> 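One structure, pasted below without further comment.
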Amino acid sequence: MQKDSRIYIAGHRGLVGSAIRRRLEASEYSNIITCSSQELDLRDQHAVNRFINNQKPEYVFLAAAKVGGIGANNTYPATFMYDNLAIQTNVINAGKENNVKKLLFMGSSCIYPKFAQQPIKEEYLLTGLLEPTNEPYAIAKISGIKMCEVYNRQYGTNFLAVMPTNLYGINDNFDLSNSHVLPALLRKFHEAKRANLPFVEVWGTGKPRREFLYVDDLADACVFLMENFGWQEIGTHVNIGTGEDITIAELANTVKNIVGYKGDIKFNSSMPDGTPRKQLDVSSINRLGWKATTPLEAGIRQTYEWFISRNDD
Ligand SMILES: NC(=O)C1=CN([C@@H]2O[C@H](COP(=O)(O)OP(=O)(O)OC[C@H]3O[C@@H](n4cnc5c(N)ncnc54)[C@H](OP(=O)(O)O)[C@@H]3O)[C@@H](O)[C@H]2O)C=CC1
Ligand SMILES: C[C@H]1O[C@H](OP(=O)(O)OP(=O)(O)OC[C@H]2O[C@@H](n3cnc4c(=O)[nH]c(N)nc43)[C@H](O)[C@@H]2O)[C@@H](O)[C@@H](O)C1=O
């Protein structure tokens with residue numbers, strides 16, 4: 001990518017898209033194209049074709065998607081499947097039609113089988129059954145990986161697919177009904193501390209393990225890949241994470257300490273646990289020369305500071 005290349009970030013207001021924008025601007029990329037969902041509904045094929053044809057981006061970061069935690073995925077499976085299939089199909093195909101030089105598709109670690117051997121290598125894709133709470137979303141994401149792969153094979157495109165682990169950071173979604181666990185816990189402990197509540201409810205048993213990556217690290221990895229590699233060097237898809245995981249109970253205690261809450265934690269085992277574990281094998285991206293740098297506690301502190309700056313009077 002040249003500093004004046006036309007770079008479209010789909011989903012620039014979200015957690016990932018906004019981090020990619022920060023990362024590109026920090027490196028003085030000067031020609032960044034953005035458009036909100038209100039101006040352009042990426043599920044609308046004709047609108048997407050018109051937009052890409054008018055804007056003629058050379059590079060595309062596809063970070064627009066219907067995204068949510070275990071609760072949202074479980075409650076709105078049809079929306080997660082339809083929106084994601086439509087958004088990615090439209091953007092990937094319009095990218096090919098308009099000779100986009102490189103496109104980066106954002107998958108997710110939930111594409112791997114529920115009981116995959118740990119840590120999860122890229123080659124474990126499609127070797128077993130998926131976790132039911134996010135099967136529709138995962139199937140949409142797997143279709144995105146395969147679409148990049150077959151477009152590269154048949155049309156000679158250069159579309160990369162990355163599989164990030166669970167993410168968190170600035171511009172995350174803190175809505176308790178549809179967010180992921182980390183922002184949900186930050187908000188729950190913060191509000192319980194302010195209201196002096198005796199306990200905080202944590203969903204599930206606390207036993208599942210999750211790997212958390214600070215979103216600025218993810219953005220750094222995405223730009224690193226787009227700057228330096230093509231799909232043939234990366235393969236059909238590449239994992240992005242820290243390679244380390246913790247239990248939800250450990251995460252809850254860490255967040256509790258960072259927030260400074262003194263009450264108790266109560267696990268609500270009537271809520272779903274989801275996948276027992278999804279620790280990524282990140283040796284492929286490490287070999288390419290990239291490694292995550294933000295320690296979990298430091299990332300959570302930065303996110304909490306941002307959350308307070310947005311929410312406290
Ligand atoms: N968050 C996580 O833990 C993980 C995320 N990922 C992947 O990273 C990518 C980005 O996720 P994240 O940043 O967390 O999600 P967010 O929900 O924070 O952001 C998603 C963005 O997508 C845009 N969008 C959604 N629907 C449409 C639509 N119909 N038309 C146009 N734009 C739309 C939204 O635009 P607007 O703001 O304008 O409405 C929003 O900015 C996704 O592909 C996700 O699957 C992968 C692994 C983990
Ligand atoms: C990124 C990823 O995100 C989702 O998968 P998930 O990893 O299961 O996501 P989660 O962050 O929502 O939960 C992680 C764990 O944490 C527990 N948990 C405790 N207390 C709260 C809580 O208050 N909120 C939430 N959301 N979870 C909680 C929860 O019960 C679960 O055991 C999928 O959408 C999937 O498609 C996907 O890609």
Side-chain angles (χ1 to χ4, degrees), residues 9-20 34-44 47-48 51 61-74 76-77 79-80 82-84 86-88 90-91 104-112 130-131 133-138 140-141 144 162-189 200-213 215 218-219 222 240-241 247-249 251-252 255 265 267-278 280:
I9 307 173
H12 71 288
R13 300 197 313 173
L15 172 70
V16 171
S18 62
I20 289 174
T34 59
C35 198
S36 73
S37 65
Q38 276 135 346
E39 299 161 294
L40 171 66
D41 185 344
L42 293 170
R43 295 170 301 182
D44 179 341
V48 172
F51 176 79
F61 288 86
L62 178 41
K66 177 74 187 166
V67 180
I70 194 166
N73 268 270
N74 228 359
Y76 307 108
T79 316
F80 275 80
Y82 174 77
D83 284 17
N84 287 312
I87 292 170
Q88 69 201 34
N90 293 342
V91 176
L104 182 138
F105 169 68
M106 208 71 65
S108 166
S109 60
C110 70
I111 56 150
Y112 292 112
L130 297 163
E131 154 61 29
T133 56
N134 60 36
E135 188 184 66
Y137 173 82
K141 291 289 182 188
V162 298
M163 300 307 120
T165 185
N166 291 43
L167 306 168
Y168 69 99
I170 290 166
N171 286 325
D172 210 338
N173 168 16
F174 288 82
D175 180 314
L176 291 182
S177 60
N178 60 29
S179 69
H180 291 101
V181 61
L182 207 153
L185 292 185
L186 272 173
R187 179 168 169 186
K188 284 182 182 178
F189 282 113
V200 162
E201 183 191 283
V202 174
W203 295 354
T205 60
K207 291 180 185 151
R209 301 184 72 88
R210 291 289 183 276
E211 174 181 343
F212 296 97
L213 178 70
V215 73
L218 173 76
C222 293
I240 307 182
T247 65
I248 296 301
L251 175 73
V255 173
I265 293 174
F267 293 100
N268 178 356
S269 53
S270 71
M271 295 301 277
D273 269 345
T275 306
R277 193 173 188 192
K278 44 179 172 175
L280 292 179

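Atoms within each ligand, like the ligands themselves, are counted from 1 in listed order. This structure is a prediction, so every number in the text was calculated from the model and none was measured.
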> With atoms numbered from 1 as shown, which atoms in ligand 1 lie under 4.0 angstrom from a non-hydrogen atom of Ser36?
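This gives 38 (O) as the contact atoms.
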> Yes or no: does Ile87 have any heavy atom under 4.0 Å from an atom of ligand 1?
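True for this residue.
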> Identify the protein heavy atom lying closest to atom 46 (C) of ligand 1, giving its residue, its atom name and the separation to 0.1 Å.
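Result: Gly107 O, 3.1 Å.
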> Quick check: closest heavy atoms across Ala63 and Val16, and the distance to 0.1 Å?
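It is CB-CG1, 3.9 Å.
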> May I have the step-by-step check of side chain to side chain contact (heavy atoms under 4.5 Å, CB included) for His180 and Leu15, ending in yes or no?
CA-CA 12 Å; His180 291 101; Leu15 172 70; over 6 Å; no
> For the pair Asp273 (side chain) and Thr205 (backbone), establish whether a donor and an acceptor sit closer than 3.5 Å, ignoring hydrogens and angles.
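Yes: the side chain of Asp273 pairs with the backbone of Thr205.
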> Where is the nearest protein heavy atom to atom 39 (O) of ligand 1: which residue, which atom, and how far?
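Residue, atom and distance for the closest contact: Ser37 OG, 2.6 Å.
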> With heavy atoms of Asp41 as the reference, note each atom of ligand 1 found under 4.0 Å away.
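That gives atoms 28 (C), 29 (N), 30 (N) of ligand 1.
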> Could you establish whether Thr165 and ligand 1 come within less than 4.0 Å of each other, counting only heavy atoms on the residue side?
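Yes.
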> Atom 5 (C) of ligand 1: which protein heavy atom is closest, and how many Å away?
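The protein heavy atom lying closest is Leu167 CD1, 3.7 Å.
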> Give a yes or no on whether Tyr76 atom OH has more than 12 heavy-atom contacts from other residues, nucleotides or ligands under 6.0 Å away.
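Counting neighbours around OH of Tyr76, 12 or fewer heavy atoms of other residues, nucleotides or ligands fall under 6.0 Å, so no.
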> Relative to the heavy atoms of Tyr137, which atoms of ligand 1 are at a distance of less than 4.0 Å?
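Counting atoms of ligand 1 from 1, those under 4.0 Å from Tyr137 are 44 (C), 45 (O).
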> Counting each atom of ligand 1 from 1 as listed, which ones have a heavy atom of Leu40 under 4.0 Å away?
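Close to Leu40: 30 (N), 31 (C).
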> With a cut-off of 4.0 Å, which atoms of ligand 1 are near a heavy atom of Leu42?
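Within the 4.0 Å cut-off of Leu42, ligand 1 contributes 28 (C), 29 (N), 30 (N), 31 (C), 32 (N).
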> Test side chain to side chain contact (heavy atoms under 4.5 Å, CB included) on Leu251 and Val202 and set out the steps.
CA-CA 10 Å; Leu251 175 73; Val202 174; over 6 Å; no
> Could you check whether atom OH of Tyr82 has more than 12 heavy atoms from other residues, nucleotides or ligands sitting under 6.0 Å from it?
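Result for OH/Tyr82: open.
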> State whether the side chain of Thr34 and the backbone N or O of His12 hold a donor-acceptor pair below 3.5 Å, judged by distance alone.
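Not a single qualifying donor-acceptor pair exists.
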> Strictly under 4.0 Å, does any heavy atom of Asn173 approach an atom of ligand 1?
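Judged by the 4.0 Å heavy-atom criterion, Asn173 does not count as contacting ligand 1.
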> With a 4.0 angstrom cut-off on heavy atoms, strictly below it, pick out the residues next to ligand 2 and order them by chain and number.
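Within 4.0 Å of ligand 2, protein side: Gly68, Gly69, Ile70, Asn73, Ser108, Cys110, Asn134, Tyr137, Asn166, Ser179, His180, Val181, Ala184, Lys188, Val202, Trp203, Pro208, Arg210, Ile248, Pro272, Asp273, Lys278.
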> Determine, considering heavy atoms only, which of Pro183, Ala64, Cys35, Gly14 sits nearest to atom 19 (O) of ligand 1.
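It is Gly14 that holds the nearest heavy atom.
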> Just so I know, are the side chains of Ser179 and Phe174 near enough to count as touching, which here means a heavy-atom distance under 4.5 Å?
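The answer is no; the side chains never approach within 4.5 Å.
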> Report the C-alpha distance between Ser36 and Arg13 in whole Å, list the side-chain angles of each, state the deciding distance to 0.1 Å, and finish with yes or no for side chain to side chain contact (heavy atoms under 4.5 Å, CB included).
CA-CA 7 Å; Ser36 73; Arg13 300 197 313 173; 4.1 Å; yes
> Tell me whether Asn73 contacts the main-chain N or O of Gly69 through its side chain, where contact means a donor paired with an acceptor under 3.5 Å.
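It does hold such a pair.
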> Heavy atoms only: give me the nearest Leu42-Ala64 pair and the separation to one decimal.
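Closest pair (atom of Leu42, atom of Ala64, distance): CD1-CB, 3.4 Å.
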> Return the closest protein heavy atom for atom 18 (O) of ligand 1 as residue, atom name and distance.
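Residue, atom and distance for the closest contact: Leu15 N, 2.9 Å.
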> Please report which non-hydrogen protein atom sits nearest to atom 34 (C) of ligand 1, along with the residue it belongs to and the distance in Å to one decimal place.
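It is Gly11 CA, 4.6 Å.
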> Using modelled atom types and a 3.5 Å cut-off, is there a donor and acceptor pairing between side-chain atoms of Asp172 and backbone atoms of Tyr168?
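Checking the backbone N and O of Tyr168 against the side chain of Asp172, no donor-acceptor pair under 3.5 Å is found.
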> Kindly say whether Ala140 contributes a backbone atom to a donor-acceptor pair with the side chain of Gln88 at under 3.5 angstrom?
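Confirmed, Gln88 side chain pairs with Ala140 backbone.
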> Which is it for Val162 and Met106 under the side chain to side chain contact (heavy atoms under 4.5 Å, CB included) test, yes or no, and what are the steps along the way?
CA-CA 5 Å; Val162 298; Met106 208 71 65; 3.7 Å; yes
> Does Phe212 approach ligand 1 within less than 4.0 angstrom via side chain, backbone, both or neither, non-hydrogen atoms only?
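Neither; no heavy atom under 4.0 Å.
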> Out of His180, Lys141, Glu39, Arg210, whose heavy atom is nearest to atom 43 (O) of ligand 1?
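Minimum heavy-atom distance to atom 43 (O) of ligand 1 goes to Lys141.
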> Side chains of Ile265 and Phe189: closer than 4.5 Å at any heavy-atom pair?
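In short, these two side chains touch, coming nearer than 4.5 Å.
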> Run down the list Arg43, Arg13, Met106 and name the one with the heavy atom closest to atom 8 (O) of ligand 1.
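Going through Arg43, Arg13, Met106 one by one, Met106 has the nearest heavy atom to atom 8 (O) of ligand 1.
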> Would you mind reporting whether Leu182 and Arg210 have side-chain heavy atoms less than 4.5 Å apart?
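No, every pair of side-chain atoms sits at 4.5 Å or beyond.
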> Does Leu62 come within less than 4.0 Å of ligand 1, judged by its heavy atoms?
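It does not; every heavy atom stays at 4.0 Å or beyond.
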> Which residue and non-hydrogen atom of the protein lie closest to atom 15 (O) of ligand 1, and at what distance in Å?
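Of every protein heavy atom, Val67 CG2, 3.4 Å lies nearest to atom 15 (O) of ligand 1.
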> Only heavy atoms count here, so choose which of Cys222, Ala65, Gly144, Ala86 is nearest to atom 25 (C) of ligand 1.
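Looking at heavy atoms only, Ala65 sits closest to atom 25 (C) of ligand 1.
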> Within less than 4.0 angstrom of ligand 1, does Ser18 place any heavy atom?
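No heavy atom of Ser18 comes that close to ligand 1.
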> Nearest to atom 10 (C) of ligand 1, what protein heavy atom do you find, and at what distance?
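Of every protein heavy atom, Ala63 O, 3.2 Å lies nearest to atom 10 (C) of ligand 1.
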> For atom 13 (O) of ligand 1, find the nearest protein heavy atom and state the residue, atom name and distance (0.1 Å precision).
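For this ligand atom, the closest protein heavy atom is Val16 N, 2.7 Å.
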> Is there a side-chain contact between Phe105 and Lys141 (heavy atoms, below 4.5 Å)?
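Yes; the side chains approach each other to less than 4.5 Å.
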